[in-house]
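Step one of this worksheet: look at the structure below.
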Amino acid sequence: VRYHWNWAVLVTEPYVYWMLLGLMWTVLVSLSGWIIAFSLGSIVGIARTVKQPIVRTLAGAYVEVFRNVPLLVQLFLWYFVLPELLPKAAGTWLKRELPYAEFWTAVVGLGTYTACRVAEQVRAGIHAIAGGQANAGLATGLTTWQVYRHILLPVAYRIIVPALTSEFLNIFKNSSLALTIGLLEVTSRSRQISEYTYQPIEMFTEATAIYCVITLIVTAGMRVVERRSRLPGMITVEAR
Amino acid sequence: MAEFDLAYLTSALPLLWDGMEVTLLLTLFGVVGGLALGAVLAVLRLSRAKPLALLAAGYVTFFRSIPILLGIFWFYFLVPLWLGRPVGGFYAALIGFVLFEAAYFCEIIRAGIQSVRRGQILVGLASGLTYRQTMRTIVLPQALRNMLPVLLTQSINLFKGTSLVYVVGVRDFLTAADIIGTRDNQIIEMYCLVAVVYFLLCFAASLLAGRLQRRYAI
């Protein structure tokens with residue numbers, strides 16, 4: 001089969017513009033999803049380490065449910081199933097009136113899924129700190145909240161920076177799944193343009209390059225965070 | 001519109017099972033192929049030949065930077081171009097899974113081998129074993145025990161990840177349920193069913209992984 005190369009397609013109007021829009025959505029969805037993932041994941045992860053068994057169980061259930069269902073299925077549940085389960089007015093609003101519905105669905109879907117992975121890292125970080133430190137804090141008269149705030153969390157988050165880098169990179173890659181609910185992000189745009197122009201190799205190469213550059217930028221940025229937050233004398237776990 | 005009850009579910013079961021077979025096949029071939037290629041990559045990464053180690057490291061970094069979904073689109077388009085005839089989504093997706101999983105398996109195997117303390121290799125060599133014997137009788141048995149739970153977890157991830165073949169229309173479990181649900185106007189029930197089935201299978205498998213970890217931990 002002959003393939004007609006045409007790299008000029010990458011800089012042809014309107015495809016440049018489409019791809020830039022795709023990049024914008026990929027970045028927006030990933031960053032917004034990360035806000036949910038980081039905050040919700042922190043709450044769930046901390047909840048898994050507290051004394052109250054009910055709180056621990058609930059947080060554990062959250063992690064198990066979100067970890068054991070494929071992300072694609074979760075996105076379908078949020079996008080197609082949730083509006084049907086809600087009261088009629090709310091469901092109709094979600095389906096018909098909410099602007100950028102696929103964007104918000106992707107943000108919530110990616111965020112809540114990644115939150116369960118962040119939670120596991122936060123929990124591991126807290127558990128990595130010797131129990132004696134928490135006890136010492138309590139013995140000196142700090143409340144449980146103060147022990148978390150001043151002793152456990154500052155160290156735990158520093159230990160898990162490399163692991164969080166991996167999760168942050170994952171959310172960019174996983175944002176490509178949003179194309180199944182109609183979000184026109186990078187992967188979706190590359191496919192769309194390749195169908196319009198019959199130049200899939202050029203378009204997929206461009207998309208591949210975009211993801212590689214995102215990885216490079218995020219990795220470099222997180223390395224700075226890692227250096228700034230490093231505790232002298234502490235060995236952190238390298239990201240794998 | 002049919003009622004979503006046991007009778008309906010029974011009628012849908014053969015098609016759903018066909019889909020589950022495709023999902024299981026993709027997972028099985030993906031794990032076997034990914035492990036084989038991943039083991040080769042891990043050996044290269046740990047080898048003393050610098051260019052080979054760099055090449056393997058580059059492979060791993062590259063494949064871990066791209067979404068697997070984009071990989072599936074690449075091969076869905078490229079494989080027919082190479083072969084000169086359409087092959088369908090199954091093989092394209094399978095090639096994608098093997099190449100991407102290899103990068104992950106490589107890192108797991110490498111970490112497993114490196115988890116065995118270096119001193120043990122030196123002791124093995126000092127006691128007169130050859131390098132090969134040291135690897136086979138001292139390093140690999142321990143490394144395998146360390147890797148086993150993580151390998152299982154990664155296989156569960158692939159099992160969930162095979163649902164991505166939905167985008168190229170391969171009839172796996174999710175796609176089969178999607179087709180049936182659309183046909184019978186039962187899409188809500190079908191998606192819920194898919195979620196429950198995936199949850200039960202993966203939850204059971206991850207419990208098993210946890211038990212393996214406790215039993216074989218060194």
Side-chain angles (χ1 to χ4, degrees), chain A residues 1-3 26 61 63-85 166 169-170 172-180 185-188 190-191 194-195 198-201 203-205 207-216 218-219 238-240, chain B residues 23 60-62 64-78 80-85 104 107-108 110-111 150 153 156-157 159-167 172-174 177-178 181 187-207:
Chain A
V1 181
R2 285 258 302 284
Y3 187 79
T26 291
V63 170
E64 292 301 341
V65 167
F66 281 86
R67 188 168 59 183
N68 286 315
V69 176
L71 176 57
L72 187 56
V73 177
Q74 290 186 34
L75 283 180
F76 287 177
L77 291 182
W78 288 111
Y79 196 68
F80 299 111
V81 177
L82 181 70
E84 307 297 332
L85 301 182
S166 296
L169 286 172
N170 278 340
F172 278 96
K173 288 188 284 171
N174 285 336
S175 69
S176 61
L177 267 64
L179 72 86
T180 55
E185 41 66 67
V186 169
T187 306
S188 173
S190 69
R191 203 164 112 97
S194 70
E195 271 164 13
Y198 303 105
Q199 303 293 341
I201 295 187
M203 293 322 299
F204 291 154
T205 304
T208 303
I210 289 177
Y211 284 109
C212 287
V213 170
I214 290 177
T215 303
L216 282 177
V218 170
T219 313
E238 276 297 315
R240 296 207 182 277
Chain B
T23 294
V60 170
T61 312
F62 178 69
R64 294 208 319 178
S65 304
I66 329 166
I68 191 155
L69 202 55
L70 183 59
I72 292 176
F73 285 147
W74 261 116
F75 292 109
Y76 188 62
F77 164 74
L78 274 188
L81 196 70
W82 276 329
L83 296 179
R85 63 188 167 83
Y104 292 93
E107 288 303 274
I108 295 172
R110 184 178 72 116
V150 197
T153 308
I156 299 170
N157 281 342
F159 175 68
K160 289 187 291 168
T162 53
S163 56
L164 293 186
V165 295
Y166 173 86
V167 297
D172 74 321
F173 183 55
L174 171 62
D178 185 76
I187 200 75
I188 307 300
E189 291 83 350
M190 276 299 164
Y191 283 156
C192 292
L193 178 76
V194 168
V196 170
V197 170
Y198 267 114
F199 173 78
L200 291 177
L201 292 175
C202 296
F203 185 59
S206 64
L207 286 183

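Worth knowing before you read on, the calculation uses all heavy atoms, side chains too, and leaves out hydrogens, waters and symmetry mates. Note on naming: letters A, B, ... go to the chains in the order of the sequence lines (proteins, then strands), and numbering restarts at 1 for each one.
Side-chain contact between A:Pro70 and B:Leu174 is absent, with no heavy-atom pair separated by less than 4.5 Å. With a 4.5 Å cut-off on side-chain heavy atoms, B:Asp178 and B:Met190 do not count as touching.
Neither the backbone nor the side chain of A:Val218 has a heavy atom closer than 4.5 Å to any heavy atom of chain B. Of the atoms belonging to B:Tyr104, it is side-chain heavy atoms, and not backbone ones, that fall under 4.5 Å from chain A. Looking at A:Glu64, both its backbone and its side chain come within 4.5 Å of chain B, counting heavy atoms on both sides. Looking at A:Ile214, there are no atoms closer than 4.5 Å to chain B (heavy atoms on both sides), in backbone or side chain. Heavy atoms of A:Ser175 lying under 4.5 Å from chain B are absent altogether. With a 4.5 Å cut-off on non-hydrogen atoms, A:Leu179 touches chain B through its side chain but not through its backbone. Residue contact with chain A, scored on non-hydrogen atoms closer than 4.5 Å, involves the backbone and the side chain of B:Leu70 alike. When heavy atoms are compared at a cutoff of 4.5 Å, B:Phe77 approaches chain A solely by way of its side chain, counted from C-beta outward. Heavy-atom distances place the side chain of A:Leu77, and not its backbone, under 4.5 Å from chain B. Interface residue B:Leu78: only side-chain heavy atoms are found under 4.5 Å from chain A. Proximity to chain A is limited to the side chain of B:Ser206, based on heavy atoms less than 4.5 angstrom apart.
Residues B:Ile188 and A:Glu84 share a closest heavy-atom pair of CD1-CG, 3.3 Å. The shortest non-hydrogen separation linking A:Ala207 to A:Val186 is CB-CG1, 3.8 Å.
The side chain to side chain donor-acceptor pair (under 3.5 Å) test applied to B:Trp74 returns A:Thr208, not counting sequence neighbours.
Between the side chain of A:Lys173 and the backbone N or O of A:Tyr211 there is no donor-acceptor pair closer than 3.5 Å. A side-chain donor-acceptor contact under 3.5 Å links A:Glu185 to the backbone of A:Ser188.
Between A:Gln199 atom CD and A:Tyr3 atom OH the span is 4.5 Å, to the nearest 0.5 Å. Residue B:Ser163 holds its OG atom at 10.0 Å from CD of A:Gln74, rounded to the nearest 0.5 Å. Taking CG of B:Leu81 as the start and CD1 of A:Ile201 as the end, the distance is 5.5 Å to the nearest 0.5 Å.
Centroid-to-centroid, the aromatic rings of B:Tyr166 and B:Phe173 stay 6.0 Å apart or farther.
Of all residues spanning residues 193-200 of chain B, those with a heavy atom less than 4.5 Å away from chain A's heavy atoms are B:Val194, B:Ala195, B:Tyr198, B:Phe199, arranged by number.
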